[in-house]
Amino acid sequence: MKEWHLENMKKTVANYVIGLLDNATLHQKRHHKKYSGNLAWVHRMIGTDIRHGVTVGEILDFLDKIRSRNEFADIRNKEGSLERLDLVKIHFSTPMPY
C-alpha cells in the first residue's frame with residue numbers, strides 16, 4: 001500500500017509542477033483549475049499519502065530529484081515550474097505551527 005501512495009505522491013507533485021499544457025481541452029482546464037493547479041489540494045493529497053506511510057524525507061528527496069536530475073529536465077523547462085516546486089518544498093520543509 002505504501003508503494004502506491006509513494007507513486008501517487010510523485011504523480012501529484014509532477015502534475016502540479018508541470019502545470020497546464022498548452023493544448024489542453026476544456027475538460028482538462030476545468031480539472032486543472034479545480035484540482036491539479038490548486039496548491040491546497042496538492043498539500044491535502046500528499047497529506048493523505050503521508051498518513052499511509054510516505055515520509056516527509058521521501059517527499060523532499062523526490063523534490064530534489066526533480067530539481068537536479070536530467071530525467072526531469074522537461075518538467076524544469078516549463079514556465080513557472082521551479083516556483084511551484086519551491087512552494088511545495090517550503091510547505092513540507094518548514095515545521096507547521098500546530
Side-chain angles (χ1 to χ4, degrees):
M1 189 71 154
K2 179 184 173 186
E3 295 82 20
W4 185 88
H5 284 282
L6 185 63
E7 291 301 317
N8 186 52
M9 179 271 304
K10 290 178 181 180
K11 289 178 189 175
T12 302
V13 169
N15 284 339
Y16 177 71
V17 171
I18 289 171
L20 192 60
L21 300 175
D22 294 334
N23 58 354
T25 64
L26 182 61
H27 174 72
Q28 290 171 333
K29 289 178 184 177
R30 286 182 187 165
H31 187 271
H32 180 76
K33 182 178 177 182
K34 188 172 183 180
Y35 300 112
S36 302
N38 187 343
L39 186 59
W41 181 83
V42 172
H43 291 166
R44 189 170 57 240
M45 292 302 294
I46 295 174
T48 303
D49 295 330
I50 289 173
R51 284 192 297 273
H52 287 91
V54 177
T55 64
V56 174
E58 291 172 331
I59 296 168
L60 295 175
D61 287 341
F62 181 67
L63 295 175
D64 289 337
K65 285 180 186 177
I66 290 176
R67 184 171 290 284
S68 62
R69 291 207 178 161
N70 289 335
E71 62 192 71
F72 297 108
D74 56 334
I75 293 175
R76 287 191 308 265
N77 291 336
K78 299 285 183 178
E79 183 178 342
S81 63
L82 294 178
E83 291 83 12
R84 290 188 293 270
L85 185 66
D86 289 338
L87 289 174
V88 175
K89 188 170 186 170
I90 288 169
H91 178 77
F92 288 105
S93 62
T94 57
M96 300 308 286
Y98 50 87

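Values in this document were obtained by computation on a predicted structure and should not be read as measured data.
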Distance, nearest 0.5 Å, that separates NZ of Lys11 from CG of Leu6: 11.0 Å
Non-hydrogen atoms of Arg84 and Ile18 that approach each other most closely: NH2-O, 3.3 Å
Leu21/Gln28 under side chain to side chain contact (heavy atoms under 4.5 Å, CB included): CA gap, chis, key distance, verdict: CA-CA 9 Å; Leu21 300 175; Gln28 290 171 333; 5.6 Å; no
Spatial distance of atom NE2 (His32) from atom NE2 (His27) [nearest 0.5 Å]: 13.0 Å
Separation of Lys34 NZ from Asn38 CG (nearest 0.5 Å): 11.0 Å
Path from Trp41 to Ile59 over hydrophobic side-chain contacts below 4.5 Å: yes
Residues Lys2, Glu7: salt bridge by 4.0 Å N-O rule: no
Contacts of Ser93 that satisfy side chain to side chain donor-acceptor pair (under 3.5 Å) - sequence neighbours left out: none
Rounded distance (nearest 0.5 Å) linking atom CD1 of Ile90 with atom CG of Leu85: 10.0 Å
Single-linkage hydrophobic cluster, 4.5 Å side-chain cutoff, Val17 and Leu20 together: no
Step-by-step side chain to side chain contact (heavy atoms under 4.5 Å, CB included) determination, Thr55 to Ile50: CA-CA 6 Å; Thr55 64; Ile50 289 173; over 6 Å; no
Point-to-point distance, once rounded to the nearest 0.5 Å, from CD1 of Ile46 to CZ of Arg51: 12.0 Å
hydrophobic_cluster_shared for Met45 and Trp4, side chain cutoff 4.5 Å: no
Main-chain N/O of Leu87 paired with His91 side-chain donor or acceptor, under 3.5 Å: no
Heavy-atom pair of closest approach, residues Val54 and Glu58: CA-OE1, 3.5 Å
From CG (Asn15) to NZ (Lys10), nearest 0.5 Å: 14.0 Å
Below 3.5 Å, can you tabulate the donor-acceptor pairs from side chains in residues 69-77 to any protein atom, sequence neighbours excluded?
unit_1 : atom_1 : unit_2 : atom_2 : d
Arg76  : NH1    : Ile66  : O      : 2.8
Arg76  : NH1    : Arg67  : O      : 3.4
Arg76  : NH1    : Arg69  : O      : 2.6
Arg76  : NH2    : Arg69  : O      : 3.3
Asn77  : ND2    : Ala73  : O      : 3.1

Phe92 and His43 aromatic ring geometry - parallel, tilted or perpendicular at 30°/60° bounds: perpendicular
